[in-house]
Amino acid sequence: MKKVLLSIILFCCISSGLKAFENDLRTISKRPNSNELFVGGEFKTVFVLNAVSGETIRTFTVQGGVEDMVFNPEGNVLISKFSTKLSFINPQTGSVIKTFDERSGKFFLFERSNYVVFVDRYNTKKTKLLSSKDGSLIKEFSCDFEPDFSAISNNDQQMIIFSKEIELKKEKSLLTTEVKPISGYNVYNTAFIRQQSDGKGISYVTVDLKDMALSKTKQIPYSPKDGSYSFNVSWFDGNVFILDYETFIKIDSKDKVYPIELDKAGFSYACASSKDGRYIIQSSTKEGYIYDCKENKSISYNVKGKSQFTYSADICNDNDTLIILAKDYTIVWMNTSGNIIRDYKINRGSNIKFGVYYTNGFNKKELRDKEAAIINKELKALGLPEVDLEKNAGNYNLLIATLDSEDKSNNLQSALKNSGLQYITKIAPIE
């Protein structure tokens, strides 16, 4: 039911004419020792911004696009991933230094870490520790379970490897706190109630990165997942904190697991932690909470402004400053007290063209014909070539127009909606 509801919400948001990049914007990273912010997504163009003003300094293309990107500690290598590919990029020129394509698993990136991790999810029970400088292999680890995701501690001294969801024989014995149902809808409470009694959980091991020693395998009665939305693993004062789309847990230094319950817990579309791990930030529609791991308390924030229903895309940090990237291409700099330091909408430059895309999803010809008539009427008015929906039936990402400004693309999108177009359109920059 949750997936159905989420799909409806996403459909309504996109169809209602939200601005460009609603589906494509993915990631932001602050370059160390520099006044530059890097923003990317599935549309291939990476924007390099002045961190203070948001003005575009330069752009470059990453083949395939970017799902996630981070810098090595020195800031001279930008590491990006897209699907099964990992690329090491010169951040000044955008030229690719080296690329890896590993189809049997997944790469995991960490802000300003000396390491990248590759988890082999299918063929073996191995996890590879790689250098963030060039992707060279540092160490390979074998677990007694199938690994699913991994994380590196904020200080680069520990790695943790988690298994896929497994059946637990004694789940109840692993519970340190039994969560009780509360009145009203609370995402965390609902997930904890379900997960603490479903007979499932995950295994994990920790690795001391000084001596590369693997701990014994432990289990927890919850099943956090590295999914398509936000995911954050961070360390503070000997504790490990795991925040995913719908749960928030703590593993203490004695391997006891505690659910973290918050009064106004909502779905996480983006999350991150401060460099020292003390503060963890969660964001949904440009609002959320900042959790203080030292004080065990949270504060709420809301930076929506005029955009009342805009999803957050990603969050990065600049030490104790938290930087939120939203789907409407606004960036908000915030301190750990939830106060806005600065915010702006990115100027994407004057040389970028914008494509208007259409989801050609109707399976009946008569419905496609109605949509084609609406689209081609608007294209003809602009002096643009018509499109053939029959020839492109089933193309869920059909480029129907290329325009030289975002405003023109938005105007076309609005005109299509006002003329009764039923299916989804979206806008993204193109080369």
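For this chain, numbers begin at 1 and follow the sequence in order. Only a predicted model underlies this, so the values are computations on that prediction, with no experimental measurement involved.
A salt bridge between Lys106 and Asp120 is absent, with no side-chain N of the basic residue lying under 4.0 Å from a carboxylate O of the acidic one. Salt-bridge formation is detected for the pair Asp148/Arg121: a Lys NZ or Arg NE/NH1/NH2 atom is positioned less than 4.0 Å from an Asp or Glu carboxylate oxygen. Salt-bridge check for Glu287 with Lys304: passed, with a basic side-chain N closer than 4.0 Å to an acidic carboxylate O. Classification of Asp263 and Lys297 as a salt-bridged pair fails, no side-chain N sitting under 4.0 Å from a carboxylate O. Checked for salt-bridge contact, Asp343 and Lys286 miss the test: no charged N lies under 4.0 Å from a carboxylate O. Salt-bridge check for Arg278 with Asp292: passed, with a basic side-chain N closer than 4.0 Å to an acidic carboxylate O. Comment: Arg112 does not engage Glu74 in a salt bridge, judged by the lack of any side-chain N to carboxylate O separation of less than 4.0 angstrom. A salt bridge links Asp404 with Lys408: the distance from a Lys NZ or Arg NE/NH1/NH2 to an Asp or Glu carboxylate oxygen falls below 4.0 Å. Taking a cutoff of 4.0 Å between a charged side-chain nitrogen and a carboxylate oxygen, Glu146 and Lys164 qualify as a salt bridge. A salt bridge links Glu140 with Lys126: at least one charged nitrogen is closer than 4.0 Å to a carboxylate oxygen.
A 4.5 Å side-chain heavy-atom check between Ile324 and Met334 finds at least one atom pair inside the cut-off. Phe38 has its side chain out of reach of Cys316: every pair of non-hydrogen atoms, C-beta onward, lies at least 4.5 Å apart. Between Val205 and Phe145 the shortest side-chain heavy-atom distance falls below 4.5 Å. The shortest side-chain heavy-atom distance between Thr99 and Leu86 does not fall under the 4.5 Å cut-off.
Checking Ser268 against Gln282 by side-chain atom types alone, a donor-acceptor pair falls below 3.5 Å.
Checked by atom type and distance alone, the side chain of Glu378 never pairs as donor or acceptor with a backbone atom of Leu412 at under 3.5 Å. In this structure, the side chain of Ser409 does not engage the main chain of Leu403 through any donor-acceptor pair within 3.5 Å. Side-chain atoms of Ser153 come within 3.5 Å of backbone N or O of Gln158 as a donor-acceptor pair. Remark: the backbone N or O of Asn339 is not paired with any side-chain donor or acceptor of Ser337 at under 3.5 angstrom.
Closest heavy-atom contact between Thr93 and Ser95: OG1-OG, 2.8 Å.
Applying the 6.0 Å contact sphere to NZ of Lys98 captures more than 12 heavy atoms from other residues, nucleotides or ligands. The number of heavy atoms from other shown groups lying within 6.0 Å of NZ (Lys275) is above 12.
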Residues Asp156, Phe110; criterion side chain to side chain contact (heavy atoms under 4.5 Å, CB included); working and verdict: CA-CA 10 Å; Asp156 260 7; Phe110 313 99; over 6 Å; no
Working for side chain to side chain contact (heavy atoms under 4.5 Å, CB included), residues Ile281 and Tyr301: CA-CA 10 Å; Ile281 179 173; Tyr301 68 89; 3.7 Å; yes
Stepwise salt bridge (Lys or Arg N to Asp or Glu O under 4.0 Å) check, Glu390 with Arg368: CA-CA 7 Å; Glu390 284 304 300; Arg368 289 195 295 270; 2.8 Å; yes
Test ring-ring contact (aromatic ring centres under 6.0 Å, His included) applied to Phe248 and Tyr291, step by step: CA-CA 11 Å; Phe248 191 16; Tyr291 181 80; 5.2 Å; yes
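For the pair Lys370 and Phe362, the cation-pi test (distance below 6.0 Å, angle within 45°) is failed. Relative to the six-membered ring of Tyr311, Lys327 misses at least one condition, a distance below 6.0 Å or an angle of at most 45° to the axis.
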